[in-house]
Protein chains: 2
Amino acid sequence: MNDTRNRLVNVTAVLFQRQGLAATGIKQILSDSNAQFSSLYHHFPGGKEQLAAEVIRASGIRYQELVEAVWDSAPDVLTGITQVFEGAAETLEATDFAVACPIATVALEVATTNEELRVVTAEVFSSWISSGTDRLVAAGIDLTRARSLTLILVALLEGAFILCQAAKSTESMIAAGSAAVAIVSDALESSVADP
Amino acid sequence: MNDTRNRLVNVTAVLFQRQGLAATGIKQILSDSNAQFSSLYHHFPGGKEQLAAEVIRASGIRYQELVEAVWDSAPDVLTGITQVFEGAAETLEATDFAVACPIATVALEVATTNEELRVVTAEVFSSWISSGTDRLVAAGIDLTRARSLTLILVALLEGAFILCQAAKSTESMIAAGSAAVAIVSDALESSVADP
DNA sequence: GTCTATACTTTGATAGAC
DNA sequence: GTCTATCAAAGTATAGAC
């Protein structure tokens with residue numbers, strides 16, 4: 001799977017994560033991918049927008065799988081959530097705060113400027129939220145509350161990414177992780193008390 | 001204060017909020033401001049980057065004042081926090097999810113691409129965090145905990161903005177507001193119990 | 001599917017008259 | 001301080017040979 005098409009997607013994913021959509025030029029994508037104009041427009045007749053849609057989807061799936069792997073390898077829910085936030089903080093620090101959410105920058109850019117791509121980012125977030133909700137339901141939390149909690153968890157993670165990248169500090173991610181654990185912990189206790 | 005220089009800053013602030021930095025061209029700024037190239041480079045010899053720095057600072061101050069006004073007009077801390085998140089949700093809905101955080105898109109764009117502007121965004125967030133921390137301290141929470149709580153509040157707000165704009169739904173902002181109130185409420189109770 | 005070359009637009013920025 | 005005109009570079013996209 002290291003053909004030209006995949007190289008284009010993977011290279012663009014990295015550039016989108018660091019620079020966003022508008023700042024990433026096709027010429028830079030081609031240069032970094034060792035590819036030609038003809039290859040890009042052969043594989044993506046829709047040009048930059050079609051490539052972007054595929055990159056957003058691929059990045060979303062990859063990040064979801066990463067988080068699920070961390071979460072599911074933990075012995076319990078609270079440990080899983082702790083490790084997701086700790087892992088995010090470690091990655092930020094290890095990459096000099098370059099690697100955070102793979103789609104947040106693009107999501108904000110397209111939210112009011114490109115309806116097709118906005119929908120793609122919404123689908124990615126929706127998939128993440130379903131994944132988290134499933135896990136909280138499996139831990140004994142009722143569906144409505146599990147969904148609401150997952151929205152909070154994702155918001156904490158995304159918001160902390162912004163603050164951490166701007167400040168070049170993991171302080172916010174640490175605080176967000178503590179809050180995430182506290183909130184889910186409360187929900188678990190009231191689930192046990194009122195099943 | 002409706003001279004050319006101020007028009008440039010105000011117009012650019014709106015464009016940055018909706019499109020981000022890279023997607024906003026100087027020609028669009030000039031067109032929307034009814035200004036000329038010569039005016040822009042007269043007032044901002046440093047070009048787009050200098051204008052961007054001033055716009056980020058101005059947007060940061062304006063938004064901080066808005067939030068402080070909402071917070072301080074409430075009878076107590078928890079009501080204030082509730083109304084900040086409710087106000088954000090109302091603004092999102094009233095503007096078809098176009099008006100969210102004024103600097104988040106730019107902050108993510110510049111975080112790894114423009115060190116000078118990254119520092120400016122960091123200063124804005126730092127000022128917001130100080131403002132929130134002051135208010136929680138005034139409510140009786142000790143400084144360390146107040147700062148940590150404020151980081152969580154800002155992360156919740158910023159993360160919810162992303163999710164709401166992508167989904168075109170205020171669901172995440174509602175959930176984030178509930179979480180914010182719950183977390184600060186807990187802190188207030190333990191402050192009273194253990195002063 | 002890939003190569004070279006190119007078309008056309010928009011970008012940020014500057015020059016020089018007034 | 002403002003006007004018109006213009007620059008060099010980078011932007012996306014396409015054509016046509018192989």
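Below, chains carry the letters A, B, ... as their sequence lines are ordered, and counting in each starts from 1.
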Does the side chain of B:Glu123 reach to within under 4.5 Å of the side chain of B:Trp128, using non-hydrogen atoms?
->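 Not in contact.
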Mind checking whether A:Phe44 and A:Thr12 have side chains closer than 4.5 Å, heavy atoms only?
->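 The answer is no, as the side chains (C-beta and beyond) never meet within the 4.5 Å cut-off.
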Specify the closest pair of heavy atoms between A:Gly20 and A:Thr105, including all atoms of both residues, with the distance to one decimal.
->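 Smallest heavy-atom distance, with atoms named: CA-CG2, 3.7 Å.
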CZ (B:Arg18) with more than 12 external heavy atoms under 6.0 Å |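 Not buried by this count: 12 neighbours or fewer within 6.0 Å.
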Can a side chain N or O of A:Thr4 be found less than 4.0 Å away from OP1 or OP2 on C:dT2?
->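 It does, given that an N or O in the side chain of A:Thr4 lies less than 4.0 Å from OP1 or OP2 of C:dT2.
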In this structure, how many angstroms lie between the [atom2] atom of [N] and the [atom1] atom of [X], rounded?
{"X": "B:Asp3", "N": "D:dT2", "atom1": "CG", "atom2": "P", "answer": "9 Å"}
{"X": "B:Leu8", "N": "C:dG12", "atom1": "CG", "atom2": "P", "answer": "14 Å"}
{"X": "A:Leu30", "N": "D:dA10", "atom1": "CG", "atom2": "P", "answer": "15 Å"}
{"X": "B:Asn34", "N": "D:dG1", "atom1": "CG", "atom2": "C1'", "answer": "16 Å"}
{"X": "B:Ile26", "N": "C:dG12", "atom1": "CD1", "atom2": "C1'", "answer": "5 Å"}
{"X": "B:Asn114", "N": "C:dG12", "atom1": "CG", "atom2": "P", "answer": "14 Å"}
{"X": "B:Ile29", "N": "C:dT10", "atom1": "CD1", "atom2": "P", "answer": "17 Å"}

For residues 45-71 of chain B, which side-chain N or O atoms pair as donor and acceptor with protein atoms under 3.5 Å away, sequence neighbours left out?
residue	atom	partner	partner atom	Å
B:Lys48	NZ	B:Leu21	O	3.1
B:Lys48	NZ	B:Thr24	O	3.0
B:Gln50	OE1	B:Gly46	N	2.6
B:Glu54	OE1	B:Arg5	NH2	2.6
B:Glu54	OE2	B:Arg5	NH2	2.5
B:Ser59	OG	B:Val55	O	3.0
B:Arg62	NH2	B:Asn10	OD1	2.9
B:Gln64	OE1	B:Ser127	OG	2.6
B:Gln64	NE2	B:Glu68	OE2	3.0
B:Glu68	OE2	B:Ser131	OG	2.6

Who passes side chain to side chain contact (heavy atoms under 4.5 Å, CB included) against A:Ala175, sequence neighbours left out?
->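 With sequence neighbours excluded, A:Ala175 shows a side chain to side chain contact (heavy atoms under 4.5 Å, CB included) to B:Ser148, B:Leu151, B:Ile152, given in chain and number order.
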Listed by chain and number, what are the side chain to side chain contact (heavy atoms under 4.5 Å, CB included) partners of A:Gln17, not counting sequence neighbours?
->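 Only A:Val99, A:Pro102 meet the side chain to side chain contact (heavy atoms under 4.5 Å, CB included) criterion with A:Gln17.
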Take A:Asp72 and A:Arg135, measure what salt bridge (Lys or Arg N to Asp or Glu O under 4.0 Å) needs, and give me the verdict at the end.
-> CA-CA 9 Å; A:Asp72 293 343; A:Arg135 279 161 178 75; 2.7 Å; yes
DNA chain D contacts among residues 39-59 of chain A, heavy-atom distance under 4.0 Å |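 Contacts with DNA chain D under 4.0 Å: A:Tyr41, A:Gly47, A:Lys48.
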Sequence neighbours left out, what pairs pass salt bridge (Lys or Arg N to Asp or Glu O under 4.0 Å) with at least one residue falling in residues 76-97 of chain B?
->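 As it turns out, the salt bridge (Lys or Arg N to Asp or Glu O under 4.0 Å) pairs with a partner in residues 76-97 of chain B, which skip direct neighbours, are B:Asp96-B:Lys168.
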Produce the list of close N/O pairs, under 3.5 Å, pairing protein atoms with atoms of nucleotides 4-7 of chain C; give distances to one decimal.
none

